[in-house]
Amino acid sequence: MKAYLFSVIYSGEKKKAIMRFYDPTSGRIICVEDPTDHKPYLLTDASPEDVRALAEELVSRIVRIHRVKRYDVVRDQYVEVTKVETSDPLAVGGSKKDLRTILAKAGFRVWEAKIKYYESYIYDRGLIPGMLYRIRGGDIVLEKADLPEEERRMVEEAFSGESDEVRNLALELARILREPIPKMNYASLDIEVASPPLQMPSPSDPRKPVIAVAMMGSDGMKKVFLLRRGNSEVPSRIGDIELVVFNEEADLLRAVSEEMRRYTVIYTFNGDNFDLPYLAKRAKVLGVGDLGIITERDRALLRDGIHIDLYKLFSNRSIQVYVFKNAYLGYTLDEVSEGILNEKKIDIGPERDIAGLPPEKLARYCFQDARLTFLLGSSLNNNLLRIIFVFSRLARMPVEDVARTGISQWIKGMIYASYRERKWLIPNKEDILKVRGSKIYSKALIKGKKYMGAIVLNPVPGVHFNVAVMDFASMYPSIIKKWNISFETMNCPHADCKDNRPLEDIPHWICRKGLGVVPKIIGVLRDLRVHIYKKLAKSKDIPEEMREWYDVIQSSLKVLLNASYGVFGFEEFPLYSPPVAEMITALGRAAITSAVEEARKLGLKVIYGDTDSLFIENASEDLLKMLEERVESKLGIDLELDKMYRYVVLPSIKKNYLGVTPNGHVDIKGLLGKKRNIPDIVKEAFFEVLKVLSEARTPEEVEECKKRIGEIVRGYVEKLKRREFRLDEVCFRATLSKKLSDYVKTTPQHVKAARLLEERLKVKVQPGEVISYVKVTGADGVKPVELANVREVDVDKYVEIMRSTFQQIFDALDLDFDELISGKRVKTLEDFL
DNA sequence: CAATTCGCCTGTGGCA
DNA sequence: TGCCACAGGCGAA
């Protein structure tokens, strides 16, 4: 039988790892018990006798103790350590008197004791979640589909200059990434509880009944399960939504559970912490049998499928920024749906009186939430699941965990799996820091930061025509690869490597003797992305469906590559290594500096640059080619032409510019006018001005459109002064990044507004929520939009916002906001002549 | 459970 | 009142 591995769980009852597979033919989950007698374990430098003596109370839970050989990469030596295998994971760690604590207290060293058991099992058995396996009895074998000839040739060619080791990894990863994902039935679920107005129900207090459960399925199923309350008539359907009414809550729960079982994937929005545990708790309260929901401390699993909590997935910053391109602002269902689907929840007012809604309204409300959740699960052209599977395979992580963990966990998974495969000792953070150094030699520009980051060049303000943007494609991953930077290679113990210092002012040296795991994996992923998947995703002679899949792969790889440097500067990362992070940014600074030098030597005019890019004005193609070649031969990393701009408006401040592409598209970077917290009316004015600018092609045309710009800006200022606007057009939106009570040092305006909201409307605001507020005349200066009216809006403040927003680009255009709105004639070229 | 630094902007709150 | 450092938010890379 062939089935996809979804996850591995630990069964406390059987004291075994259980592999959960999905059989696409029957649509069922198949559980396979570990056939290898694998046990939880840790490694220690204590002798077997020491372990037995120290762990008296645990002795019955120790299954095996033996000496094993491991390679200690931090010290570059083979060591013999004691492997202590136990009957259950808690004996290793996670309980009060566990082995890892006992041994550490006695002064022994302990390794690999903080790895979750099911992860340890995945790594040790070389399993790849998300992949197809052949199951025969208890035996499982990875079903290895061959790469298509064409693709294999591409990989062979792209990696022809590399070692066999690297080329083989590339081929293996290419095979893994290519495997399609299974067809799966999926559905969304959302529940409502009869809690009084303004009270948030919680699974820790499951006293109120579940009154509605809405579901929507990939097979067209649309249902709302309702609990009958009172004797009002309930229709049997609303449009194509089926309403099923129950007199008993217990029956409702059973029916929901049965419906859920029909689907392999269940999407919820916050189902880990609310919907599923609440259902499970109610089932317990009412004495209903098992619903198939397994609740843990911070997650809810399904016995017969996989549960994906989209709230967690969408709160992942990497997903938000790289996969969804910042399309949504906050992380509530309303905000995410608004940004991605352009749809909202049904508004039932700030009191949220769920229990008081008449049945039909309740059904509509609940169903809309389930529908939004369903649509979010199907977003990106139904590619979200594919992305999750790609990460699952690369990170060697259960499919369900991908959505629940951050990017550092994904990268950890890639590295740990590789270590276990080689039988290398996974080092402790403290060891890396102690042996390989924690000292930082550079000073961050920003107070409170640990080390120096990238260079941003001073812009040459003004309007520049015919601008080429050159950049180092995936700069940090390229640096990692080129200089072999890894926590194993930095400041190695070999005397003869100490002179291998790429930079004079940073005393870290890099090992010459072997390839680090990080440069190997990151290098391969980078090259696969650049040379294979980006090309295939654009290739015209590949079917649409396949192109899309390649695009999924390349954009997923981008997410991992982008974070691959940052995690080493992240203190909580288990392989935290400040020298690694510092070395990478230092080499980045050296690269851009030297590229600027080369450009100047060629007589090119560099007008701006940030981290890995150079903006070059009016250069010939030949000179740009020459620059590429010189930089590459000098540095060994690729500089390439990223894009051209017809013209770039460059203010005198860094990280802000506006570029018009040959087809008239406007790239806006950093400028106030695009920040999501500024009022819509200002944004609208800003974009109207941009539209005018985008149509200009020559310096003369830019001059000409200044007049038009003046009229637009003047128009908006007049509008403000005459109060011709709606409140929602003038509200600022700022995210509440922590609990209201945690703002102790200052009270920012959005916090002031949020407090007013809580006082006057008796609602609770949560961290992560976006607060909309308006600037008003009067003592407080701000009001939440819900409490304000147009008459009290402080119009002058808004004119000020307009001024600062426009002045950013006006500086470069040689315009002045005050002159414009006072109706003075706009200076044109002729005035100077 | 949790990727980084650089840089701009607004507003707050302490101090003279 | 004005100055200034800092907090907090958002974006670029």
Side-chain angles (χ1 to χ4, degrees), chain A residues 116 272-273 297-299 312 315-322 326 329-330 401 404-412 440 442-459 469 471-476 559-578 580-582 584-586 588-589 592 608-613 642 651-657 667-678 732-738 742-752 770-771 775 781-782 797 800-801 803-805 807-808:
Chain A
K116 285 195 190 92
D272 267 343
N273 290 313
R297 192 162 50 92
D298 208 33
R299 58 179 195 170
K312 286 204 177 137
S315 313
N316 183 315
R317 281 281 292 158
S318 298
I319 297 283
Q320 180 185 17
V321 176
Y322 297 112
N326 263 323
L329 322 169
D401 279 7
R404 295 192 170 96
T405 59
I407 192 137
S408 65
Q409 298 294 308
W410 306 348
I411 292 174
K412 181 194 83 177
I440 299 281
S442 62
K443 196 172 170 306
L445 301 182
I446 300 175
K447 232 171 102 182
K449 301 292 178 195
K450 292 172 295 227
Y451 56 91
M452 191 184 273
I455 288 178
V456 187
L457 304 181
N458 266 321
V469 181
D471 77 350
F472 292 103
S474 7
M475 184 198 231
Y476 290 161
V559 175
L560 284 173
L561 291 169
N562 273 330
S564 62
Y565 129 77
V567 294
F568 290 104
F570 173 44
E571 273 147 288
E572 308 308 316
F573 186 54
L575 303 164
Y576 173 55
S577 172
V580 165
E582 181 182 40
I584 294 169
T585 56
R589 292 192 299 275
I592 189 174
Y608 179 58
D610 184 351
T611 310
D612 59 359
S613 67
D642 179 33
S652 48
I653 49 174
K654 295 171 175 181
K655 294 203 184 272
N656 287 267
Y657 63 86
D667 279 345
I668 315 146
K669 300 290 177 177
L671 296 168
L672 263 175
K674 79 174 289 194
K675 300 238 173 181
R676 66 181 194 217
N677 52 351
I678 71 155
F732 288 81
R733 299 180 186 86
T735 311
L736 203 63
S737 60
K738 46 192 185 187
D742 288 351
Y743 288 89
V744 285
K745 290 183 174 149
T746 56
T747 308
Q749 298 198 314
H750 68 297
V751 174
K752 201 180 278 180
V770 176
I771 309 295
K775 301 206 184 211
V782 291
K797 286 265 166 49
E800 279 309 305
I801 310 289
R803 182 200 314 278
S804 39
T805 303
Q807 205 53 52
Q808 284 188 331

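A, B, ... follow the sequence lines: proteins, then strands. Residue 1 opens every chain.
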How far does the P atom of B:dA2 sit from the matching atom of C:dA13, given to the nearest Å?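 Roughly 27 Å separates the two P atoms.
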Indicate, with a heavy-atom threshold strictly under 4.0 Å, whether [X] touches base, sugar-phosphate, or nothing.
X	answer
A:Phe573	nothing
A:Phe472	nothing
A:Thr735	sugar-phosphate

Between [N] and [X], is there an OP1 or OP2 to side-chain N/O distance shorter than 4.0 Å?
X	N	answer
A:His750	C:dG8	no
A:Gln808	B:dC9	yes
A:Arg404	B:dC1	no
A:Lys669	C:dG11	no
A:Lys654	B:dG7	yes

Identify, between A:Ser737 and A:Gly670, the residue whose nearest nucleotide on DNA chain C lies closer to the 5' end.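 Nearest-nucleotide comparison on DNA chain C picks A:Ser737.
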Check the pair A:Lys675, A:Thr805 against side chain to side chain contact (heavy atoms under 4.5 Å, CB included), reporting the backbone distance first and the verdict last. CA-CA 10 Å; A:Lys675 300 238 173 181; A:Thr805 303; over 6 Å; no
Please determine if A:Asp610 and A:Lys654 form a salt bridge, counting it only when a charged side-chain N lies under 4.0 Å from a carboxylate O. no
So that I can tick it off, tell me whether A:Glu800 and A:Lys797 are bridged by a salt bridge, with the cut-off set at under 4.0 angstrom between side-chain N and carboxylate O. no
Establish, for the pair A:Lys738 and A:Tyr743, whether the NZ or CZ atom is under 6.0 angstrom from the six-membered ring centre and no further than 45 degrees off its axis.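 Yes, a cation-pi geometry holds between A:Lys738 and A:Tyr743.
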So if I take every side-chain heavy atom of A:Asn677 and compare against C:dA13, B:dG7, C:dC10, which nucleotide ends up nearest?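 Nearest to the side chain of A:Asn677 among the choices is C:dC10.
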